[in-house]
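This report refers to the structure that appears directly beneath it.
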Amino acid sequence: MRSIWRTRRVPTSGLARDIALVCAADTVVGASFGAIAIGLGLPSWLPMLLSVVVFAGAAQFLFIGLVAAGGSPVAAVAAGLLVNARHLPFGFAVGDVFGTGWLRRIAGSHLMVDETVAFTLAQHEPARRRKAYWLCGSGLFISWNAGVVLGTYGGRAVGDTDALGLDAAFPAVLLALLLPSLGTGPNRRAALAGVLVALAATPFLPAGLPVLLALAGVAAAGTGHSGRRSGGRSHVRHAHGSAGGSRVRRGRRSAGGSR
Amino acid sequence: MSSGAELVAATAVLGAGTFAFRVAGPILRSRVTLPARVERLVGVAVVVLLAALVATSALTDAHSFTGPARPAGVAVGALCAWRRAPFLVVVVAAAAATAALRLLGVS
């Protein structure tokens, strides 16, 4: 599974710095979450409880949006679960990091989020994968929750979160995380198809479902055989015995001068 | 709006379900080996899901489309990301661009 995300090797200090930058960014996104929750009129304990118990940004934003709009909690939970289903493949991708200890598997699984999975998959040696996972996972848990607390109490002072453009923070972070993976033909085709399906379905379906329907777009990626036609790059890597076809690539996140 | 108890219960269920998704892989992977083709498709599926998530959270609100301010802000963030700016710059730029547009009266 580690063949799916590829990148240049990252020296350790670069890794720690990249993770620190992601944590800083997610503190801001967490603050936006807390502030938006308060702005929607929800009780101040809710964003903090969600951030500790669920610890998944997309589901949390969906949840508070639905609940605040008067939707039933059942719908909010269903939407959150649909959107969090992506953690199932994530778990298969990074599961080797935990070893066999049950405590580590439990604690480690709870820390599993998009950014942490991305950083882990970019590493190739087991020791570095573990390091990336635990550093990013625990760093983000602290930063995200600290951000949510800041946003919850700062949110009262802010008032109108839309005026600060805070609702753009979460999609922007997710897109930045995703951009390197959209470099290859099959991924790009599949993503575009999936996005069109999801957007077309949004006016008609309950929240969370359009995102899952986007999986139909995977068909647009083509089979392993058509990967040969779509790009020589993916075909070359086939020699390593890893899966052919699409490659999801994870670039480095760092300040420009570091290169 | 739902009561406090309902919200706590909903949070607990969402947390438990999410944890189940997360822990399934680590528990099962020692017993299950996925064929290479399935692994590849799962990789594509992850990209597709995240892309759909970005699109719906940038462009829509529940069942309708938002005004241009948020998508434009996200696009600014995307531009920064494409130019390899750090995550923090991406987030702040996106929020600032959206805020600026709203200040100018764009919704």
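None of the values given here were measured: they were computed from a predicted structure. In the text below, chain A, chain B and the rest are named by the order of the sequence lines, each starting its count at 1.
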For chain B, which of A:F63, A:F98, A:F204, A:F170 has the most heavy-atom pairs under 4.5 Å?
-> A:F63
Among the options B:A95, B:A69, B:A51, pick out the one with the most heavy-atom pairs lying under 4.5 Å from chain A.
-> B:A95
From A:L111 atom CG to B:R22 atom CZ, the distance as rounded to the nearest 0.5 Å | 8.0 Å
Segment of B:R70 engaging chain A (4.5 angstrom heavy-atom cut-off) = both
Rounded distance [0.5 Å steps], CG in B:L7 versus CG in A:L49 | 9.5 Å
Toward chain A, the part of B:S57 with a non-hydrogen atom under 4.5 Å = both
Name the region of A:A56, side chain, backbone, both or neither, that has any atom closer than 4.5 Å to a heavy atom of chain B.
-> both
At what distance, to the nearest 0.5 angstrom, does CD of A:E115 lie from CZ of B:F87?
-> 6.5 Å
Specify which of A:G95, A:A76, A:G108, A:A198 makes the most heavy-atom pairs with chain B at under 4.5 Å.
-> A:G95
Report the distance from atom CG of B:L49 to atom CG of A:L215, rounding to the nearest 0.5 Å.
-> 4.5 Å
What are the two closest heavy atoms between B:V47 and A:A191, and how far apart are they?
-> CG1-CB, 4.5 Å
In terms of heavy-atom pairs under 4.5 Å, which option from B:G77, B:P71, B:A58, B:G73 contacts chain A the most?
-> B:A58
How about A:R86 and B:L53: do any of their side-chain heavy atoms sit closer than 4.5 Å?
-> yes
A:A25 versus B:V91, closest heavy-atom pair with distance = CB-CG2, 4.0 Å
Under the 3.5 angstrom rule, does the side chain of B:H63 hit a backbone N or O of A:L205 as a donor-acceptor pair?
-> yes
When every non-hydrogen atom of B:A24 is compared with those of A:L88, the smallest separation belongs to CB-CD1, 3.6 Å
Examine whether an atom of B:I27 lies under 4.5 Å from a heavy atom of chain A, and if so say whether it belongs to the side chain, the backbone or both; otherwise answer neither.
-> both
Counting heavy-atom pairs under 4.5 Å with chain B, the top scorer among A:A190, A:A193, A:G99, A:A78 is A:A190
Do you know the tightest heavy-atom contact between A:L164 and B:A99?
-> C-CB, 3.5 Å
Could you tell me which non-hydrogen atom of A:V77 sits nearest to which non-hydrogen atom of B:L14, and how far apart they are?
-> O-CD1, 3.9 Å
With only heavy atoms counted, which part of A:V83 is less than 4.5 Å from chain B, the side chain, the backbone, both or neither?
-> side chain
Residues, nucleotides or ligands: over 12 heavy atoms within 6.0 Å of A:W102 CH2 | no
Could you check if a side-chain atom of A:L199 sits within less than 4.5 angstrom of a side-chain atom of B:F65, using non-hydrogen atoms only?
-> yes
Segment of A:F61 engaging chain B (4.5 angstrom heavy-atom cut-off) = neither
State the CE-OG1 distance between A:M48 and B:T11, to the nearest 0.5 angstrom.
-> 12.5 Å
Residue, of B:A96, B:G15, B:G25, that accumulates the most heavy atom pairs under 4.5 Å with chain A = B:G25
Nearest heavy atoms of B:T18 and A:L81, plus distance in Å | N-CD2, 3.8 Å
Pick from A:V53, A:L213, A:L196 with the largest number of heavy-atom pairs that fall under 4.5 Å of chain B | A:V53
Measuring from A:D167:CG to B:D61:CG, what's the distance to the nearest 0.5 Å?
-> 7.5 Å
Side chain / backbone / both / neither for A:L46 at chain B, heavy atoms under 4.5 Å = side chain
